[in-house]
Amino acid sequence: MAYSEDHLGVDCGADAGPLTWRERLATALPWWSAGGAVLLLDFGSKHLVRERLVEGDILALAPFFNLVFFRNSGAAFSLLADAGGWQRYFFVCLAALVALTLSYLLTLKHDRTESFAYSMILGGALGNALDRLAFGPVTDFLDLHWAGWHWPAFNIADIGIVVGAACLFARALRASANDA
């Protein structure tokens, strides 16, 4: 099969031919934009917290929800927070690798759930990476709690990552149920 210089030779199914660069960009652009929205919401909310609160502040907004200002030099649940500083660059490099992979995957045709999931994870990974590059530790400010038990503080980027992962998990469960 001969391809024009425009074609990439990426097959997207039995009935689909290879995608052109334009088709791949058109496929990815809405999902890159959704990831960018997560990134912007995360960056803006962290900026407001850093500007308006003092580190360690706790502002009760509801019986189960506080606005706080904590810095997390580790990953989820403060994993590797006391590792001595190398983890900052490790997590930035990991986020860059994830972002590059997801950016590429979003140029391929997927169902909406998978594309949405990738875009949420992309925005979250870039949000926390940007925070690490600019400030070192990640700014966490959302605190859910009940009866004296607190979930670890988190941010908008973390929400994007968790929502994306949950969508991928639900999609995998749905696919395995359909195969059974």
Side-chain angles (χ1 to χ4, degrees), residues 1-49 72 74-77 79 87-135 138-142 144 151-180:
M1 171 187 260
Y3 299 109
S4 72
E5 65 183 49
D6 215 25
H7 281 81
L8 303 173
V10 176
D11 189 13
C12 291
D15 297 331
L19 293 175
T20 66
W21 280 108
R22 284 189 184 111
E23 290 168 331
R24 290 182 73 166
L25 288 174
T27 297
L29 192 57
W31 302 114
W32 288 342
S33 298
V38 172
L39 172 63
L40 289 174
L41 281 170
D42 181 65
F43 183 79
S45 60
K46 288 173 179 174
H47 174 75
L48 285 172
V49 167
N72 179 4
F77 309 109
L79 178 71
Q87 73 276 23
R88 173 184 182 186
Y89 302 103
F90 171 76
F91 289 132
V92 167
C93 290
L94 182 61
L97 180 63
V98 167
L100 288 171
T101 301
L102 293 175
S103 293
Y104 168 75
L105 288 174
L106 285 168
T107 68
L108 306 175
K109 295 229 183 240
H110 300 285
D111 64 51
R112 286 183 179 171
T113 302
E114 189 172 357
S115 295
F116 176 77
Y118 291 161
S119 67
M120 294 297 101
I121 296 169
L122 174 63
L126 289 175
N128 280 338
L130 180 62
D131 211 26
R132 282 184 204 288
L133 281 173
F135 303 104
V138 170
T139 301
D140 287 329
F141 58 92
L142 301 171
L144 292 175
W151 187 259
F154 57 98
N155 56 50
I156 303 296
D158 298 334
I159 293 171
I161 292 168
V162 168
V163 166
C167 287
L168 290 176
F169 183 72
R171 185 180 177 279
L173 286 178
R174 199 170 52 241
S176 69
N178 290 341
D179 290 342

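Only this structure's heavy atoms are used, side chains among them; waters, hydrogens and symmetry mates stay out.
With Glu23 contributing its side chain and Thr20 its backbone, the two residues share a donor-acceptor pair below 3.5 Å.
You'll find the side chain of Tyr89 stays beyond 4.5 Å of the side chain of Leu94, heavy atoms only. In this structure the side chain of Asp42 never reaches within 4.5 angstrom of the side chain of Leu126, judged on heavy atoms. The shortest side-chain heavy-atom distance between Asp111 and Arg171 falls under the 4.5 Å cut-off. Val162 places none of its side-chain heavy atoms less than 4.5 Å from the side chain of Phe154. You'll find the side chain of Leu29 stays beyond 4.5 Å of the side chain of Leu25, heavy atoms only. At least one side-chain heavy atom of Ile156 sits less than 4.5 Å from a side-chain heavy atom of Phe141. Side-chain atoms of Asp158 and Asp140, non-hydrogen and from C-beta on, do get closer than 4.5 Å to each other.
Glu114 CD to Leu108 CG: the interatomic distance, rounded to the nearest 0.5 Å, is 9.5 Å. Remark: Cys93 SG to Arg132 CZ distance equals 11.5 Å, nearest 0.5 Å. The CG atom of Leu168 lies 9.0 Å from the OG1 atom of Thr113; values are rounded to the nearest 0.5 Å. In this structure, CG in Asp131 is found 9.5 Å from CG in Leu133, a value given to the nearest 0.5 Å. Considering CG of Leu39 and CG of Leu41, their distance stands at 9.0 Å, rounded to 0.5 Å. Atom NZ of residue Lys109 and atom OG1 of residue Thr27 lie 3.5 Å apart, to the nearest 0.5 angstrom.
Across every non-hydrogen atom of Ser103 and Leu122, the tightest pair is OG-CD1, 3.8 Å. Lys46 and Thr139 get closest at one heavy-atom pair: CE-O, 3.5 Å. For Ala117 against Gly164, the heavy-atom pair with the smallest separation is CB-O, 3.2 Å. For the residue pair Val38 and Gly160, the shortest heavy atom distance occurs at CG1-CA, 4.5 Å. Considering every non-hydrogen atom in both Trp31 and Ser119, the closest pair reads O-CB, 3.1 Å. Looking at every heavy atom in both residues, Ala125 comes nearest to Val98 through CB-CG1, 4.4 Å.
Pairs engaging residues 106-131 under the ring-ring contact (aromatic ring centres under 6.0 Å, His included) rule: His110-Tyr118 [sequence neighbours left out].
For the residue pair Asn128 / Asn155, a side-chain donor-acceptor distance below 3.5 Å is found, with atom types taken as modelled.
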